[in-house]
Amino acid sequence: MKNIDSYTHVRGESVYLDDIPLQAGTLFAALFDSPIAHGKIKSLNISEASMMPEVVKIFTTRDIPGENQIGGIIKDEELLADTQVHFCGMPVALVIANTDAAAKAAVKKIKMEVESLEIITDPRVAKEKGELIIPPRTFQLGDTVSAWKNCDYIFEGRTETNGQEHLYIETQGAYVLPQENGALKVFSSTQGPTAVQRTIAGVLGIAMNKVEVDTTRLGGGFGGKEDQATAWAVLCALAAHDLKRPVKYSLHRMEDMRMTGKRHPYSSDFKIGLNKDLKIIAYEATFYQNAGAAADLSPAVMERTLFHCTNTYFIPNVKATAYSCRTHLPPNTAFRGFGGPQGMFVIEAAIAKAAEHLKISATEIQQKNLLKSGDEFPYGQLAESEANECWNKAEADFQISKMQQDVADFNTSNTLFKKGIAVMPICFGISFTKTFMNQARSLVNVYTDGSVNISTAAVEMGQGVNTKMLQVAAKIFSISPGNIKVNSTNTYRIANTSPTAASAAADLNGKATALACEAILQRMKQVAAAELKTSVDDIKIKDGFVYSNESKTELSWEKLAMLTHVNKISLSELAHYTPPGIYFDATIEKGHPFSYHVYGTSVITVTVDCLRGTYEIDAVKVVHDFGQSMNKMVDIGQCEGGIVQGIGWMTMEELVYDKEGKLRSNALSTYKVPDVYAAPKEIMVEALETQKENAAIFQSKAVGEPPLMYGIGAYFAIRNAVLAFNPTAHLPFDAPMTPEKVLMGLHAQIE
Ligand code: MTE
Ligand code: HPA
Ligand code: MOS
C-alpha cells in the first residue's frame, strides 16, 4: 500500500500549517531575538517599534500572565529573556502587527543594550567550569580497571562529532485562534501536541482543558519539533489570548536556523583494549555533550548516548560516563537517533584506530565482537540479537570480502582516485528511555455507514505513520482501506500524549488502535451472531462481509454497523496500550529499558578524487532487520531517507558557530545538505525477515531512526580511501569528513 498522503502530496493538496486559510483579522508575529550569546540586559527600548503604524502590541516578559517558562524536562528555559540573554537567537520581545512585513520591520527598530558576559561554546570548557545541566552519569559492566591487564593491545583517542541542522522542509510555526470563554485553538507544526498544550497552559496560567492543539501533518520534524515547536505556539497563544484575535507565526528559514537548537555536537575520549584474538576486552568512553544554553531534551539524549555506547558489540568490561555541558549555543535537541549516533561514532572510531594500528581491516574486529543472544548490554538488558544474522546475510548477498578485494585492486591500479569501503553494523533500542512515556491511546469510531475514523497521538511527518494506522484498522476489520480515515492529531480527542518520537509511534499507537478495533469488532460479531442465530465463534468478517461458519452471508460490514447501532451497542472505543516488561532503575543504571532492538549491517563504498579532495558515495548496501515489515514501500523509504541524512551529518553538513556563539552556517548557501548529486549512486536495502516473536505492531519493527546510523559508515569509508592514498595522513576523528578535511588529509605534510 502506498503512503496514503502520496496523492495529495504530488498534487500540492496536502495541508501544512501555512495552508490553513486565515480568519479575517489575523495578526502576525515576529521576534526580536538576542544578537549576543551571553549578557545582562541593560535596557530594552521598544518605543520606536511600538509607534509603527501597523504594530498592534509588543510583548515582553512583563506581559506574561503565568510562568515565563518553557523547559520540558527541567524548568530552566525562559520563553522571553528577562534579565539575561543566554544564546544568540534567544527570543526577547514579540512584535504583533497587522501584516507579516510590518512585524518584521518593527523588529528592526527594537534596541537592546547588553553588558557582555563570558561566552562558552566548548563543552569541555563548560565541564571544567562546572556548567552541567544535570550531574554526570556512568554506565558500567564488568570492571575495566582490572581488565586492562588482560589486553594485548590498548588504544586511546579523542573524537568530535558536529551538530546537524534538521532542515525540515516546513519551518517551525503556529496559528492560534481564540475561542469562547478564554479557550484557544492551536494549530502547531509539532511532534508533541501535549507539550504545546501543557506549556501554553503554564505560560498563560490557564487550565490545559482550554487548550486544543491540532496537528494535521508536518513537513518533516526529525526530532526538531519534539520539544522546539513549543515556543512559537506559546508565543502566538500569548498574543491571541491577550488581544482576542487570531495570531500566526511561520518562521523564515534563517530565523529557524538561527533560533532553534540542533543535533548535539559531542567531544569524546575513548580507550579500547583487545586481546590477540581481536576480542574487545574493555572499553571506556567519556562523552562531553554540547547541550546549549538550556536543558531542553539534553538529559534524555545524553542517556541514549550511554545506552548505545557499545553499538552492536558485546564488550564484557565497559565504563561510559557522560556530561551534559551548558554552553551559550541555542539549546540542542532531539535529532533522529537521539544521542545514539554520537555514542556509536566513538566506538566505531575506537575500532578503526585499533584496526589501523594493527594493519587489519576494521571488519575483522567488528565481526568478532558482534552481540549474540543472551549477551548483556552495559545497562543490564540481555540481547535478542540479529547482529550476526544481518552481517552473515550481508556477506552472502553482497560478498563483503570480494568488495574489499575489489577496492584494494582498484587502489593498486589507480593513483589519482582511491576507493574506500567500510561496514557499519547497527543496533538501536526501541522504546522511550523514560519508561512512563511508553503509552498511547487510540479512539476508533465506526459510523453507521461502516466508515471508520481513527484518532491517535501519532503525528504524521512524512514517515507514513498514518498509513500504518490505517493498515491496522483495515486488517483487523478486514475492510477496504478506502473506508477508513485517519484524523488529525488533536489533544481534545486524545489526551496526555507522548510525542511522536523514539521511532515508537507506529508501535504504541498501532497497538492501541489494534486494541480499539478488536473491542469494536468483538461487539459487532456478537450482534452478527444474534442476527444470524449462531455463536460468536462461528462469525468472521472478511473483505467487508460477515461469514458464518466459513460461508459468506448477505450481511455486509455496512449493514452490520447500522444493525449494531440500532441494537444500542457502541461503535466507538478508546483503547489504552502500554508495552509490558520494560523498566529502568536509574539509581543503579540497570534495567530492561527497550521493548526490543533493531539490527542491521550496511556496506558503504566511496571514491575519493585525490587531486580535489571531493568524493562520491558509490553504494550503500544494507541488510536491515525489519521483523516482518507491514509496509515495505514506506519502510524502505525510511531506510533511504535515514541513510542519506546520516551521510549528510557525517560528510558534508558543517555547522559553524564562531567564538561569539553566532551561527555562521545560517542559510542554505553556507550549510550544505545532501542533494541528488551527493546521494549515493546506489542504495540497496535487503530485508532480514525474521519469524521470531517481537513486541512490534504486527511484528513490523520500528524503522524511523535506526537507518540513519548506517550513514556513519560513510565517514570511515572516506577515511579508508584517504589512507589508501596517504598512509601517513593525519586524520583526527573529527566528523564531518568534509572535502576540505579530505584534501588536508591527502596532501598535508606532517613533521
Ligand atoms: N521521516 C520523515 N519523512 N520525516 C521525519 O520527520 N522523523 C524521524 C523518523 N522518520 C521523520 C522521519 C524521527 S526523528 C522519528 S523519531 C520517527 O520518524 C518518528 O516516527 P515513527 O515513530 O512513526 O517512526
Ligand atoms: N527518544 C526520543 N525522544 C525521547 C526519548 C527517546 O528515547 N525520551 C524522551 N523523549
Ligand atoms: Mo525522533 S529524534 O525521536 O523525534
Side-chain angles (χ1 to χ4, degrees), residues 3 5-6 9 16 72-73 164 166-170 189-192 194-195 215 217-229 261-264 295-308 332-342 428-438 440 456-469 472 486 489 497-511 582 584 593-595 598 630-631 634-646 649 696-697 700-709:
N3 185 323
D5 278 348
S6 42
H9 278 0
Y16 298 88
I73 297 180
Q164 185 176 22
H166 299 87
L167 217 92
Y168 23 66
I169 293 178
E170 179 194 35
S189 180
T190 180
Q191 293 173 238
T194 292
T215 304
R217 65 166 67 70
L218 317 185
F222 307 111
K225 295 170 181 172
E226 180 175 341
D227 216 43
Q228 299 218 353
K262 304 167 199 319
R263 182 188 294 286
H264 295 77
D296 192 272
L297 293 165
S298 298
V301 171
M302 182 186 103
E303 179 173 70
R304 202 176 264 279
T305 301
L306 292 172
F307 281 121
H308 294 308
N332 286 314
T333 194
F335 196 137
R336 206 172 196 171
F338 206 75
Q342 291 94 321
F428 195 78
I430 302 303
S431 285
F432 285 95
T433 53
K434 276 284 157 282
T435 301
F436 83 89
M437 293 175 79
N438 297 288
T456 72
V459 171
E460 175 60 51
M461 46 183 162
Q463 87 281 39
V465 72
N466 280 358
T467 305
K468 289 186 175 177
M469 295 306 100
V472 169
V486 182
T489 315
T497 62
S498 289
T500 291
S503 304
D507 279 358
L508 296 174
N509 296 285
K511 291 225 173 188
I582 52 173
F584 194 70
F594 299 117
S595 283
V598 172
M630 70 189 282
N631 193 320
V634 163
D635 287 354
I636 286 181
Q638 285 294 291
C639 287
E640 292 173 345
I643 287 166
V644 174
Q645 204 165 32
W649 173 51
I697 176 73
S700 179
K701 284 186 167 184
V703 69
E705 293 166 287
L708 180 129
M709 284 149 272

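Count residues from 1 along the sequence. In listed order, ligands and their atoms are each counted from 1.
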Problem - Proximal candidate to atom 8 (C) of ligand 1 [heavy atom criterion; set R336, R217, Q191, K225] - result: R336
Completion exercise
When rounded to the nearest 0.5 Å, the distance separating NE2 of H264 from OG1 of T333 is 6.5 Å
Practice task
Report yes if some N/O of A505 lies less than 3.5 Å from some N/O of ligand 1; otherwise report no.
Solution key: yes
Fill in the blank from the handout: In short, Q191 meets F222 closest at the heavy-atom pair OE1-N, 3.8 Å
Fill in the blank from the handout: In L218, N466, V459, the residue satisfying side chain to side chain contact (heavy atoms under 4.5 Å, CB included) with T489 is V459
Practice task
Provide the number and element of each atom of ligand 1 under 4.0 Å from a heavy atom of A504.
Solution key: 22 (O)
Practice task
Nearest 0.5 Å please: distance from the CD atom of Q645 over to the CG atom of L167.
Solution key: 9.0 Å
Completion exercise
atom 8 (N) of ligand 2 sits nearest the protein heavy atom F432 CD2, 3.7 Å
Problem - Identity and distance of the protein heavy atom lying nearest atom 3 (N) of ligand 2 - result: E226 OE2, 3.0 Å
Exercise for the section: Run the numbers for me: atoms of ligand 3, each under 4.0 Å from some heavy atom of A501, listed by number. Expected result: 3 (O), 4 (O)
Exercise for the section: Run the numbers for me: atoms of ligand 1, each under 4.0 Å from some heavy atom of G223, listed by number. Expected result: 14 (S)
Exercise for the section: State whether the shortest distance between N or O atoms of Q191 and N or O atoms of ligand 3 falls below 3.5 angstrom. Expected result: yes
Handout entry: Over all atoms of both residues, closest heavy-atom pair of V634 and Q463
Key = CG1-O, 3.4 Å
Problem - Closest candidate by heavy atom, reference atom 7 (O) of ligand 2, pool R336, R304, K434, E303 - result: R304
Exercise for the section: Look at ligand 1 and say whether A502 reaches it with a heavy atom at a distance under 4.0 Å. Expected result: yes
Exercise for the section: Heavy-atom contacts with A502 under 4.0 Å: which atoms of ligand 2 show up? List them by number with element. Expected result: 1 (N), 2 (C), 6 (C)
Problem - Nearest-contact summary for atom 1 (N) of ligand 1 - protein heavy atom, Å - result: Q638 NE2, 3.1 Å
Fill in the blank from the handout: Closest non-hydrogen atoms of S595 and S431, given as atom of the first, atom of the second and distance, are N-OG, 3.0 Å
Exercise for the section: Taking the side chain as every heavy atom from C-beta outward, state whether D296 and Q228 have any atom pair closer than 4.5 Å. Expected result: yes
Completion exercise
ligand 2 atoms nearer than 4.0 angstrom to some heavy atom of A501 are 2 (C), 3 (N)
Practice task
Considering heavy atoms of the protein only, find what lies nearest to atom 2 (C) of ligand 1 and give residue, atom and distance to 0.1 Å.
Solution key: M461 O, 3.5 Å
Problem - Donor-acceptor side-chain pairing of E705 and S503 below 3.5 angstrom - result: yes
Practice task
Run down the list Q463, R304, E705 and name the one with the heavy atom closest to atom 1 (Mo) of ligand 3.
Solution key: E705
Exercise for the section: State plainly whether the residues K434 and E303 are in salt-bridge range, i.e. N to O under 4.0 Å. Expected result: yes
Exercise for the section: Evaluate side chain to side chain contact (heavy atoms under 4.5 Å, CB included) for V472 paired with M630, printing each intermediate quantity in order. Expected result: CA-CA 9 Å; V472 169; M630 70 189 282; 4.0 Å; yes
Handout entry: Chi angles and distances behind the side chain to side chain contact (heavy atoms under 4.5 Å, CB included) call for F335, K262
Key = CA-CA 7 Å; F335 196 137; K262 304 167 199 319; 5.6 Å; no
Handout entry: For G462, the ligand 1 atoms whose distance to one of its heavy atoms is below 4.0 Å
Key = 2 (C), 3 (N)
Practice task
Ignoring angles and geometry beyond distance, decide whether G221 reaches within less than 3.5 Å of ligand 1 through its nitrogen or oxygen atoms.
Solution key: yes
Practice task
Give the atoms of ligand 1, by number and element, whose distance to some non-hydrogen atom of G220 is under 4.0 Å.
Solution key: 6 (O)
Exercise for the section: Can you sort out which atoms of ligand 3 are near F335, meaning under 4.0 Å from one of its heavy atoms? Expected result: 2 (S)
Exercise for the section: Fit a plane to each ring of F594 and F307, take the angle between them on a 0 to 90° scale, and name the class: parallel (under 30°), tilted (30 to 60°) or perpendicular (over 60°). Expected result: perpendicular
Completion exercise
closest protein heavy atom to atom 9 (C) of ligand 2 is M437 SD, 3.6 Å
Practice task
Please identify which atoms of ligand 1 are closer than 4.0 Å to at least one heavy atom of A501.
Solution key: 16 (S)
Practice task
Would you name the heavy atoms of F432 and L508 that are closest together and state the gap between them?
Solution key: CE1-CD1, 3.9 Å
Practice task
Could you tell me how the ring of H308 sits relative to the ring of F428: parallel (under 30°), tilted (30 to 60°) or perpendicular (over 60°)?
Solution key: parallel
Handout entry: Winner among F222, F338, Y168 once heavy atoms are compared against atom 11 (C) of ligand 1
Key = F222
Practice task
May I ask you to identify the nearest protein heavy atom to atom 23 (O) of ligand 1, giving residue, atom name and distance to one decimal place in Å?
Solution key: Q463 NE2, 3.2 Å
Practice task
Consider ligand 1: state whether an atom of it lies below 4.0 angstrom from any non-hydrogen atom of S503.
Solution key: yes
Handout entry: Contact partition for R336 relative to ligand 3, non-hydrogen atoms under 4.0 Å
Key = backbone
Practice task
Do me a favour and list the nearest non-hydrogen protein atom to atom 17 (C) of ligand 1 with residue, atom name and distance?
Solution key: G704 CA, 4.1 Å
Practice task
Output yes when the distance from some N or O of ligand 3 to some N or O of A502 is under 3.5 Å, and no in every other case.
Solution key: yes
Handout entry: Per-atom contacts, ligand 3 versus G223 - under 4.0 Å to a heavy atom
Key = 2 (S), 4 (O)
Exercise for the section: Check whether any side-chain N or O of T467 sits under 3.5 Å from a backbone N or O of N3 as a donor-acceptor pair, and report yes or no. Expected result: no
Problem - 4.5 Å side-chain heavy-atom contact, C639 and V703 - result: yes
Practice task
Do me a favour and list the nearest non-hydrogen protein atom to atom 15 (C) of ligand 1 with residue, atom name and distance?
Solution key: E705 CG, 4.0 Å
Practice task
Check the pair D635 / S700 against side chain to side chain contact (heavy atoms under 4.5 Å, CB included), numbers first and verdict last.
Solution key: CA-CA 9 Å; D635 287 354; S700 179; 3.9 Å; yes
